[in-house]
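The structure under discussion appears below in the form of structure tokens.
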Amino acid sequence: MNIKKDLFIDGQWIKANEYSHLTSPYSEEVIASIPIANEQEVNLAIESAERARETMKKMPAHERAAILERLVSLFEKRSEEAAEIIALEAAKPITTARDEVARTIQTYKFAAEEAKRIHGETIPLDAAPGGEGRVAYTVRESIGVIGAITPFNFPMNLVAHKVGPAIAAGNPIVLKPASQTPLSSYFLAELLQDAGLPSGALNVVTGSGRVVGDKLVTDHRVAAITFTGSPEVGIGIRNRAGLKRVTLELGSNAAVIVDKGVDPDKIITRCVKGSFAFQGQVCISLQRIYVHEDIYDTFVGKFVKETQKLKIGNPLDPKTDVSALISKGDVERTLNWIEEARQQGAEVITGGIAEGNILIPTVLLNVSASMKVSCQEVFAPIVIINKVQSTKEAFEQVNNSRYGLQAGIYTENIHTALDAAEKLHVGGVIINDIPTFRVDNMPYGGVKESGVGREGIKYAVEEMTEMKLVVFNRN
Ligand code: NAP
């Protein structure tokens, strides 16, 4: 072990009372020593953010943008180092980790641009009797201290989706990254310090979700919580947050529909990538595929062949497509779910076993909607492919879910595409692509147990600002 980190509070690296070992999900070797903050240490971080509030609020937009622009160039210079950190702590295959860093840079660029266009509108008060002779406009003011709680699966880019808009909108932040992926956030703290962010505007506190998370969620000085993670934790946060603004980006069991008339050769590689990228540990990972009966057999044959070409191995090897799951517990859980499906009549056509902590990419057929591999979020390299007789049946299957983040449909028929756009109950319908499509300026978020609120810088800025109305009486 050669890395030791301290808490980042008020622009200083602060020793914590307690540390724990961070291990690689792939090799299980210890890779770093990480502080475990207690409630008093989280309190210091909130105090420091509260002190930085006025500085951030008064900072002109061009300065907030300039800090984010400098962050972008520091990220560009150190992009390979950033990708290696993600690969090491999350076991994300290095090529996928590089893609994440490229997207992180995009996200901060969008945040730098967005900082310059936060504005309100004028309101025609004379539209109401009694409103004559009055001029009214709204402004968007920074909301205050943001508590950001992030998951392990995109440790740089999903942090960027919170820290970028928070700075753009003039808010200080206390960031609590996932316990498995703290190094990415400490790396960001270093870069933002070099980029000239005032002390206290970003504080990073690692430690148990229950201790650190609870303090952030219940402390009255924290104005807004932005959380990305599992529905179980997200719902608990919402229940405890009182009147705080709460944005929840939660899980899903995302689906794609493949209509008759679609050429499987054109979409197979993309569907395989959507199912197995980062071992399926992506909130919009492709988990359920509903294929029209006319092309079902051809689709399944080609999908399985392409899946079997994926290379498993060390995340730091550029040839690796699929590496270890985030924890041993997840390997056991997913093997149990596969076994349950098998016992209830599903067919495991490829995969279904683990090598060390790597679950071999798995394809299941004839899965019923009540099996865990279908109705729960698998968050693993497992995909089900079911036959449907019509798109109407497929829409019903897709909507038969607790979740509703994004859904995709491949179709050559414009009427079917428009029907899908109308009937699928999700935050985003993606026509002629997988549900896994995301770029970082689009509104992103879910319905049902997939969450509340939207990210995608402009939309996150709305969540992180308060609208204020100003009325001039000229009578
Ligand atoms: P998780 O277990 O819910 O953890 C997410 C974060 O919450 C971590 O920082 C965790 O800390 C913290 N936490 C745990 N218990 C808490 C509590 N009681 N109060 C406050 N915070 C608490 O999720 P994960 O396993 O890291 O990530 C996978 C999940 O995230 C999946 O469900 C996935 O779909 C979802 N996700 C959603 C999106 C989206 O945009 N919709 C994107 C990516 C991921 P510890 O690590 O210390 O436990």
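First listed ligand is number 1; within each ligand, the first listed atom is number 1. All values below come from the heavy atoms of this structure, side chains included, with hydrogens, waters and symmetry mates left out. Residues: numbered from 1 along the sequence shown.
- Among the atoms of Phe379, none of the N or O lies under 3.5 angstrom from an N or O of ligand 1.
- Taking only non-hydrogen atoms, the option from Asn153, Val233, Thr228 nearest to atom 5 (C) of ligand 1 is Thr228.
- Here is the list of ligand 1 atoms found below 4.0 Å of a heavy atom in Gly251: 32 (O), 34 (O).
- Distances shorter than 4.0 angstrom occur between a heavy atom of Pro177 and an atom of ligand 1.
- Distances from ligand 1 to the non-hydrogen atoms of Val217 include no value under 4.0 Å.
- For the residue pair Thr247 / Glu455, no side-chain donor-acceptor distance below 3.5 Å is found, with atom types taken as modelled.
- A cation-pi contact links Lys92 to Phe154, judged by a cut-off of 6.0 Å to the six-membered ring centre and 45° from its axis.
- Within the 4.0 Å heavy-atom cutoff, Arg240 counts among the residues contacting ligand 1.
- Looking only at heavy atoms of the protein, atom 18 (N) of ligand 1 is closest to Arg210 CA, 4.0 Å.
- Atoms OG1 and NE2, on Thr104 and His161 in that order, are 8.0 Å from each other to the nearest 0.5 Å.
- In terms of N/O distances under 3.5 Å, ligand 1 is approached by Ser230.
- A donor atom on one side chain and an acceptor atom on the other are not found under 3.5 Å apart for Thr320 and Ser323.
- Checked by atom type and distance alone, the side chain of Gln406 never pairs as donor or acceptor with a backbone atom of Ile284 at under 3.5 Å.
- Around atom 45 (P) of ligand 1, the closest heavy atom drawn from Ser208, Gly207, Ser179 belongs to Ser179.
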Checklist entry - For Arg245 and Glu466, what are the C-alpha separation, side-chain angles and deciding distance, and is it a side chain to side chain contact (heavy atoms under 4.5 Å, CB included)? => result CA-CA 10 Å; Arg245 185 83 56 84; Glu466 288 285 14; 2.9 Å; yes
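- Comparing Phe154, Phe227, Phe152, Tyr403 against atom 25 (O) of ligand 1, the shortest heavy-atom distance belongs to Phe152.
- For atom 41 (N) of ligand 1, the closest non-hydrogen atom on the protein side is Leu250 O, 2.7 Å.
- The closest side-chain donor-acceptor pair between Glu113 and Asn441, if any, does not fall under 3.5 angstrom.
- No N or O atom of Gln180 sits closer than 3.5 Å to an N or O atom of ligand 1.
- By heavy-atom distance, the residue among Gly229, Ala90, Cys283, Ala254 lying nearest atom 30 (O) of ligand 1 is Gly229.
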Checklist entry - Should Glu41 and Lys215 be marked as a salt bridge (Lys or Arg N to Asp or Glu O under 4.0 Å) after you check the CA-CA gap, both sets of side-chain angles, and the distance that decides it? => result CA-CA 10 Å; Glu41 287 158 339; Lys215 176 72 182 151; over 6 Å; no
Checklist entry - Is there a salt bridge (Lys or Arg N to Asp or Glu O under 4.0 Å) between Glu339 and Arg342 once you walk through the steps? => result CA-CA 5 Å; Glu339 190 46 37; Arg342 204 193 310 252; 3.2 Å; yes
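- Screening residues 373-383 for side chain to side chain donor-acceptor pair (under 3.5 Å), with sequence neighbours left out, gives Gln376-Arg402.
- The protein heavy atom nearest to atom 27 (O) of ligand 1 is Pro151 CB, 3.3 Å.
- Of the heavy atoms in Leu405, only side-chain atoms (C-beta onward) come closer than 4.0 Å to ligand 1.
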Item to check | Ile67 and Leu71: CA distance, side-chain angles, deciding distance, side chain to side chain contact (heavy atoms under 4.5 Å, CB included) verdict | outcome: CA-CA 6 Å; Ile67 289 169; Leu71 175 65; 5.7 Å; no
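- Of all atoms in ligand 1, listed by their number and element, those nearer than 4.0 Å to a heavy atom of Gly213 are 20 (C), 21 (N).
- Between Ile237 and ligand 1, no pair of N/O atoms sits closer than 3.5 Å.
- Listed by number with element, the atoms of ligand 1 under 4.0 angstrom from any heavy atom of Leu158 are 42 (C), 43 (C).
- The closest protein non-hydrogen atom to atom 40 (O) of ligand 1 is Tyr444 CE2, 3.2 Å.
- Defined by atom type and a distance below 3.5 Å, a donor-acceptor pair is missing between the side-chain atoms of Arg64 and Asn171.
- Counting only heavy atoms of the protein, atom 12 (C) of ligand 1 lies nearest to Ile149 CG2, 3.7 Å.
- Shortest contact from atom 31 (C) of ligand 1 to any protein heavy atom: Glu377 OE1, 3.4 Å.
- Using a 30° and 60° split on the angle between ring planes, Phe187 and Phe75 fall in the perpendicular class, above 60°.
- Each of the atoms 9 (O), 11 (O), 45 (P), 47 (O) of ligand 1 lies under 4.0 Å from some heavy atom of Lys176.
- Nearest protein heavy-atom neighbour of atom 9 (O) of ligand 1: Thr150 O, 2.8 Å.
- Closest to atom 21 (N) of ligand 1 among all protein heavy atoms lies Gly209 O, 3.6 Å.
- Pairs engaging residues 5-16 under the side chain to side chain donor-acceptor pair (under 3.5 Å) rule: Asp6-Lys15, Asp6-Tyr19, Asp10-Arg51 [sequence neighbours left out].
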